[in-house]
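Residue numbers begin at 1 in each chain, while the letters A, B, ... track the order of the sequences. In this text the structure is predicted, and so the values were computed from the model without any measurement.
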Amino acid sequence: MTIVSSDKDLMQLVRPGVVMLDAMKSKKIGRDEVIEKFGVPPDRVVDVQSLAGDSTDNVPGVPGIGVKTAAELIKEYADLDALLARAGEIKQPKRREKLIEFADQARVSRELVRLKDDVPDMIPADALGVRDPDPGELLGFLRVMEFNTLTRRIAEGLGAEPPAPVEVSVGSTVPTKARMQPGAEKAKSEPVVAESPAAGAAEAAAAAKAPFDRSKYETVTTRERLEAWIMKAYAAGRFAFDTETTSIDPMVAELVGFSMAVAPGEACYVPLGHRASSEAFDFGAHDGIVQIPVVEALALLKPLLEDPSILKIGQNIKYDLNVLAQHGINAAPLDDTMLMSYALDAGKGGHGMDDLAMRHLGHACMTFEQVIAHVPGKKKSERTFGQAPLDKATEYAAEDADVTLRLWMILKPRLAAERLTTVYETLERPLIPVIADMERAGILIDGAILSRLSSTFAQGVARLEEEVNRLVGHKFNLGSPRQLGELLFERLQLPGGKRTKSGQWETRAGLLDDLAANEEVPDDARRLINTMLEWRQLTKLRSTYTDALPSYVHGGSGRIHTSYALGATTTGRLASSEPNLQNIPIRTKEGREIRTAFIAAPGKKLISADYSQIELRILAHIADIPQLRKAFEEGLDIHAMTASEMFGVPVEGMPGEVRRRAKAINFGIIYGISAFGLANQLSIPKDEAAAYIKTYFERFPGIRAYMDSTRKRAHERGYVETVFGRRIHYPEINTKNPGVRGNLERAAINAPIQGSAADIIRRAMARMPGALAAAGLKSARMLLQVHDELVFEVGEAEVPNALRTVKKVMEGAALPVIALAVPIHVDAKAADNWEAAH
DNA sequence: CTAGACTCCTA
DNA sequence: GTAGGAGTCTAGT
């Protein structure tokens with residue numbers, strides 16, 4: 001028999017009548033060649049390998065012993081067992097100690113290296129060979145393995161009907177490992193299924209859905225038990241965990257407990273900062289609560305959390321990462337079930353733990369309310385998890401870790417099966433520590449500027465309020481849109497009143513603008529309207545920005561720490577909250593003042609770097625529009641070029657209004673244009689807007705083709721994709737309701753554009769810390785992201801290098817995966833504050 | 001005290 | 001026409 005392989009692990013099989021053939025080198029491998037390679041005959045190869053180890057196969061062996069030494073030892077002592085038994089006789093002290101210390105590891109290595117020769121139900125050799133597939137068997141297999149696209153394609157190829165999808169759940173028809181052990185009759189037809197790794201995934205999915213039993217969770221209150229759980233985590237190689245704290249804001253949260261799960265249903269809770277509620281009876285110095293001191297517990301957990309070989313699984317793990325960072329723990333590597341769900345199912349529903357548990361496990365999680373209900377006295381808002389009784393806290397916290405682990409067992413294999421591993425691994429997972437660092441970095445605010453602005457705005461507001469009251473003749477609540485609407489359209493009988501869905505008069509700024517420009521409106525009413533608009537602008541700036549922002553300054557750092565949601569939008573964008581730093585004013589002079597309050601720390605500068613026209617460039621790439629590509633290549637004014645193409649007006653000396661309209665159309669295209677929307681935006685009649693769109697499509701037929709094909713794909717497949725393969729689902733897009741369908745179609749047309757831009761900046765962000773470090777930049781920190789802009793804080797001396805590096809990373813972010821057909825341009829500038837840097 | 005409507009800030 | 005978050009008012013609990 002000849003074994004055709006160059007795998008050295010198979011050399012142990014060489015014996016009289018069995019040789020190998022290395023097909024790469026066309027070389028025969030017999031007994032002599034094995035001795036040449038391992039220094040021992042084939043029947044001792046296993047002993048040598050178990051000593052020398054093999055890093056490619058993760059066989060540890062004995063440290064310090066390679067093939068040469070191993071062969072020498074085996075030749076002298078005959079085999080591994082004899083050698084280990086007599087290890088004490090070895091002369092070289094280092095070698096002797098290693099052999100004694102790592103004897104067990106050598107024995108484990110032997111089990112890893114030795115080929116199993118007792119596999120039941122081996123397929124007879126003559127049953128192997130190329131033959132036509134049995135459609136039923138093949139398609140059944142592919143369906144069970146959830147190779148959905150393959151099933152469909154191969155069914156098409158064979159002209160067969162694809163089998164119905166299999167619902168994976170306990171007690172379903174999905175084969176469990178037990179059921180799949182091939183019996184006598186089945187041995188020939190299904191052997192591959194039994195040994196397939198995918199079958200393991202199906203089995204894991206089934207295990208993940210086993211019933212929940214909260215009474216089985218352990219409350220860990222001793223050092224010994226915690227060590228035992230840590231050992232379980234090491235043995236499993238991965239575990240799910242969750243931190244319990246006093247706040248949803250990780251910057252102020254105090255650690256109250258830690259839960260972990262190592263297998264479905266096998267989870268524990270480690271209370272760390274529980275205290276009796278102040279209104280409860282206090283039975284002694286320790287409040288009657290037994291728990292491991294925080295410092296001690298964290299010292300035990302830190303090596304596990306930081307161990308590069310142990311995977312830490314969390315649900316929204318960025319939160320836990322931030323909490324642990326406050327205690328000097330840098331947890332890695334990480335997986336996040338929320339982000340897995342986001343990569344797999346964006347658009348199909350929420351990605352919160354409760355949503356996911358219900359969707360994938362059919363399980364309703366214990367609610368926070370249920371735990372907090374056991375805290376005596378106090379208003380609900382003042383109760384914290386740390387006051388909850390340990391038994392309830394354990395049920396809740398351990399269940400969270402348990403649920404997280406089970407979700408991971410279900411979602412992880414889906415990533416590969418649905419070809420979304422790259423999306424998750426390049427656009428989601430690497431962002432977790434990067435964003436966590438940005439959040440903890442925060443940004444410095446000049447409180448004096450904000451308070452000065454606040455007073456200025458307040459004075460303006462008071463003046464305008466008086467003015468309005470004088471014009472109206474009686475007091476009314478300027479902040480009430482309803483009262484304003486009634487005043488304008490009922491009492492004053494002004495024309496052009498529209499009602500909202502609920503029948504209220506509409507009073508938004510755009511409508512009031514048009515009203516003020518209307519010649520039928522009397523002068524004093526016009527003055528009232530304009531005063532109201534000014535009043536609204538100032539009150540908005542004051543309440544949302546100058547008054548609100550200082551309340552977010554963190555007591556410890558003196559900076560503002562926003563929170564970025566990684567899985568909140570459907571398109572892949574980030575969302576910022578508490579406070580939202582992605583909507584700081586910029587358009588008006590007064591608003592822009594607020595940006596001057598965002599400053600660099602002493603001795604540093606802020607750098608703002610933003611992508612120029614990124615979405616239009618992506619549109620030019622995806623839809624492949626020659627005129628747009630050319631304009632971007634030549635660095636032309638893209639809106640002026642559009643206007644020129646559409647209206648035949650030369651760019652030189654083009655009226656501002658013409659360019660403004662073209663700009664609105666360009667934006668409209670990105671948003672999935674409608675005549676109604678464009679008419680609204682430009683305050684022009686709907687048929688005029690429709691005519692613009694018609695002209696546009698005539699000049700740029702590729703855009704219409706892109707919009708039509710995207711719409712079609714969305715209807716056929718239920719999702720659209722970014723250029724990097726991120727999927728955005730629209731499960732309701734085939735609805736019969738034309739209004740709703742139109743909305744979804746526009747969203748589906750916009751999503752690949754907005755989403756691709758989001759992917760590009762995500763890629764830039766993922767690479768940024770490494771690139772800054774590689775460029776020798778020690779002081780540079782990334783602070784903010786505003787969709788197409790990144791803000792950095794950099795020591796003054798490093799500014800030129802930082803500008804160069806940041807620009808390079810951002811402009812090259814699509815590479816090497818996508819070479820866009822248009823250049824990507826980034827403007828970057830450094831200054832003392834955000835307004836000046838932008 | 002909470003939820004929804006309305007408004008307005010950003011890309 | 002896309003994607004968000006937040007402040008205020010108002011009605012209902």
>> What is the distance, to the nearest angstrom, from the CG atom on Asp788(A) to the P atom on dG4(C)?
In response: 16 Å
> Does Arg536(A) make a side-chain N or O approach to OP1 or OP2 of dT8(C) shorter than 4.0 Å?
Replying inline: no
> Looking across every strand, which nucleic acid part, if any, lies under 4.0 Å from Ala689(A) by heavy atom: base, sugar-phosphate, or nothing?
Replying inline: nothing
> Looking at Trp505(A), is Arg499(A) sitting on its ring face, NZ or CZ under 6.0 Å from the six-membered ring centre and within 45 degrees of the normal?
Replying inline: yes
> Is the shortest side-chain N/O distance from Thr500(A) to OP1 or OP2 of dC6(B) below 4.0 Å?
Replying inline: yes
> In whole Å, what is the span from the CD1 atom of Ile670(A) to the C1' atom of dG1(C)?
Replying inline: 11 Å
> What's the CD-P distance between Gln504(A) and dG4(B), to the nearest Å?
Replying inline: 16 Å
> How would you label the contact of Ala758(A) with the nucleic acid (heavy atoms, under 4.0 Å): base, sugar-phosphate, or nothing?
Replying inline: nothing
>> Can you measure Tyr564(A) atom OH to dG4(C) atom P for me and round it to whole angstrom units?
In response: 17 Å
> How close or far is atom P of dG7(C) from atom CG of Asn580(A), stated in whole angstroms?
Replying inline: 10 Å
> Side-chain donor or acceptor of Lys540(A) under 3.5 Å from a matching atom on the base of dC9(B)?
Replying inline: no
>> Check this one for me: any side-chain N or O of Thr569(A) less than 4.0 Å away from OP1 or OP2 of dA11(B)?
In response: no
> Looking across every strand, which nucleic acid part, if any, lies under 4.0 Å from Ser674(A) by heavy atom: base, sugar-phosphate, or nothing?
Replying inline: base
> Are Ser480(A) and dT10(C) close enough that a side-chain N or O sits under 4.0 Å from OP1 or OP2?
Replying inline: yes
> With a 4.5 Å limit on heavy-atom distance, are the side chains of Ser608(A) and Lys829(A) in contact?
Replying inline: no
>> Looking at Arg482(A), I'd like to know whether one of its side-chain N or O atoms comes within less than 4.0 Å of OP1 or OP2 on dA11(C).
In response: yes
>> If I take atom CZ in residue Arg508(A) and atom P in nucleotide dC6(B), what distance separates them, rounded to the nearest angstrom?
In response: 11 Å
> If you look at every strand shown and take non-hydrogen atoms under 4.0 Å, does Gly479(A) touch a base, only sugar-phosphate, or nothing?
Replying inline: sugar-phosphate
> With respect to the side chain of Ala747(A), which nucleotide from dA11(B), dT2(C), dC9(B) is positioned closest?
Replying inline: dT2(C)
> Checking Arg542(A) against Phe457(A): charged group under 6.0 Å from the ring centre and within 45 degrees of the axis?
Replying inline: no
> What are the two closest non-hydrogen atoms of Ser756(A) and Val723(A), and how far apart are they?
Replying inline: OG-N, 3.1 Å
> Counting any heavy atom closer than 4.0 Å, what does Arg573(A) reach on the DNA or RNA strands: base, sugar-phosphate only, or nothing?
Replying inline: base
> Ring centroid separation for Phe700(A) and Tyr696(A), is it under 6.0 angstrom?
Replying inline: yes
> Want to settle it: does Pro481(A) or Gln754(A) sit nearer the 5' end of DNA chain C, counting the closest nucleotide to each?
Replying inline: Gln754(A)
> When all nucleic acid strands are considered with a 4.0 Å heavy-atom cut-off, which category describes Leu574(A): base, sugar-phosphate, or nothing?
Replying inline: nothing
> Taking CD from Glu578(A) and P from dG5(C), how many angstroms apart are they, rounded to a whole number?
Replying inline: 11 Å
> Counting only side-chain N and O atoms of Thr539(A), is one of them less than 4.0 Å from OP1 or OP2 of dG7(C)?
Replying inline: no
> Does the separation of the ring centres of Tyr692(A) and Phe647(A) fall below 6.0 angstrom?
Replying inline: yes
>> Quick check for you: among dA3(C), dT7(B), dT10(B), whose closest atom lies nearest to any side-chain atom of Arg595(A)?
In response: dT10(B)
> Counting side-chain heavy atoms from C-beta on, which of dC6(B), dA6(C), dA11(B) comes nearest to Ser577(A)?
Replying inline: dA6(C)
>> Has Arg559(A) got a side-chain atom pairing as donor or acceptor with Gly442(A)'s backbone, closer than 3.5 angstrom?
In response: yes
> Between atom OH in Tyr671(A) and atom P in dT10(B), what is the gap in whole Å?
Replying inline: 12 Å
> Hey, does the side chain of Thr507(A) come within less than 4.0 Å of dT7(B)'s phosphate (OP1/OP2), counting only N and O?
Replying inline: yes
>> Students often get this wrong, so: under 4.0 angstrom with heavy atoms, is Ile584(A) touching a base, only sugar-phosphate, or nothing?
In response: sugar-phosphate
> Looking for any heavy atom pair under 4.0 Å, which part of the strands does Gln681(A) touch: base, sugar-phosphate only, or nothing?
Replying inline: base
